Amino acid sequence: PPTQTQPKTPLLSGETWNPFKLQYQLRNVRERLAKALVEKGILTTEKQNFLLFDMTTHPVSNASEKQRLVKRLQESVLERWVNEPQRMERRTLALLVLAHASDVLENVFASLADDKYDVAMNRTKDLLEMEPEVEAAKAKGSEMIWAVLAAFNKS
């Protein structure tokens, strides 16, 4: 009978799908996302010279889409805040986690008045400081979002 061979690359081993190894995979994910956003006309592709090397960058070409996302995050934290992550829309929760991981939450809330900025930052801080393992057990369907947050908090 034929023998089963091991894959030549570790791509199909369990480690590439392990959310706690996420920080090692982000470069490829970032490039695939950038490519998809270029195809949709939201980003463009440019080469920039950084003294010793050229690098491909992806500046925003569709500012209205960026503004829509900023407004969505602001409204979700200020006007539609539910104070319980299990009741929060999963896409909004994922967007908050990814904005935090990308270190852009301060930029998202920068255009707010000082009092609203403080409320928004305190609410997101409280959300992002929750125990991912505990919250994942409470919220069916959001386990992967909490696993991503756990991976970013550990890195």
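What you see is a predicted model; the values in this text were computed from it and never measured.
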Distance from [X] atom [atom1] to [Y] atom [atom2], nearest 0.5 Å?
X	Y	atom1	atom2	result
L95	M88	CG	CE	11.0 Å
F152	L98	CZ	CG	6.5 Å
K138	Q86	NZ	CD	5.0 Å

Count the heavy atoms belonging to other residues, nucleotides or ligands that lie under 6.0 Å from CD of E75, then report whether that count exceeds 12.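 Check passes, neighbour count above 12.
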Has R90 got more than 12 heavy atoms of other residues, nucleotides or ligands less than 6.0 Å from its CZ?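 Atom CZ in R90 is not packed in, count stays at 12 or less.
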Linking directly or through intermediates, with side-chain heavy atoms under 4.5 Å: list the remaining ILVMFWY members grouped with L43, chain and number order.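 Taking Ile, Leu, Val, Met, Phe, Trp and Tyr as members, L43 shares its hydrophobic cluster with L37, V38, I42, V60.
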Return the minimal non-hydrogen interatomic distance between [X] and [Y], and the atom names on each side.
X	Y	result
T124	M121	OG1-O, 3.1 Å
A136	E143	O-CG, 3.6 Å
L127	W81	CB-CH2, 4.2 Å
L73	A99	CD1-CB, 4.1 Å

Salt bridge (charged side-chain N to carboxylate O under 4.0 Å, His left out) pairs, two or more places apart, involving residues 37-54: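 Output for this query is empty, none listed.
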Do any pairs count as a side chain to side chain donor-acceptor pair (under 3.5 Å) and have a residue in residues 105-120, sequence neighbours left out, and if so which ones?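 Matches after skipping sequence neighbours: Q74-S111.
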Using the test salt bridge (Lys or Arg N to Asp or Glu O under 4.0 Å), find all partners of E84 that sit at least two apart in sequence or belong to another chain.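 By the salt bridge (Lys or Arg N to Asp or Glu O under 4.0 Å) rule, E84 matches R87.
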Looking at residues at least two apart in the chain, or sitting in another chain, which of them share a salt bridge (Lys or Arg N to Asp or Glu O under 4.0 Å) with R72?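 Result, salt bridge (Lys or Arg N to Asp or Glu O under 4.0 Å) vs R72: E89.
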Between L149 and H100, is there a side-chain heavy-atom distance shorter than 4.5 Å?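 Yes, side chains in contact.
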Short question: side chain of R123, backbone of V77 - any donor-acceptor pair under 3.5 Å?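 Indeed, once roles are kept as given, a pair shorter than 3.5 Å links the two residues.
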Using the test side chain to side chain donor-acceptor pair (under 3.5 Å), find all partners of R68 that sit at least two apart in sequence or belong to another chain.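 Side chain to side chain donor-acceptor pair (under 3.5 Å) check on R68 returns E65.
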W146 vs L93, test: side chain to side chain contact (heavy atoms under 4.5 Å, CB included). Steps then yes/no. CA-CA 9 Å; W146 289 106; L93 178 60; 3.9 Å; yes
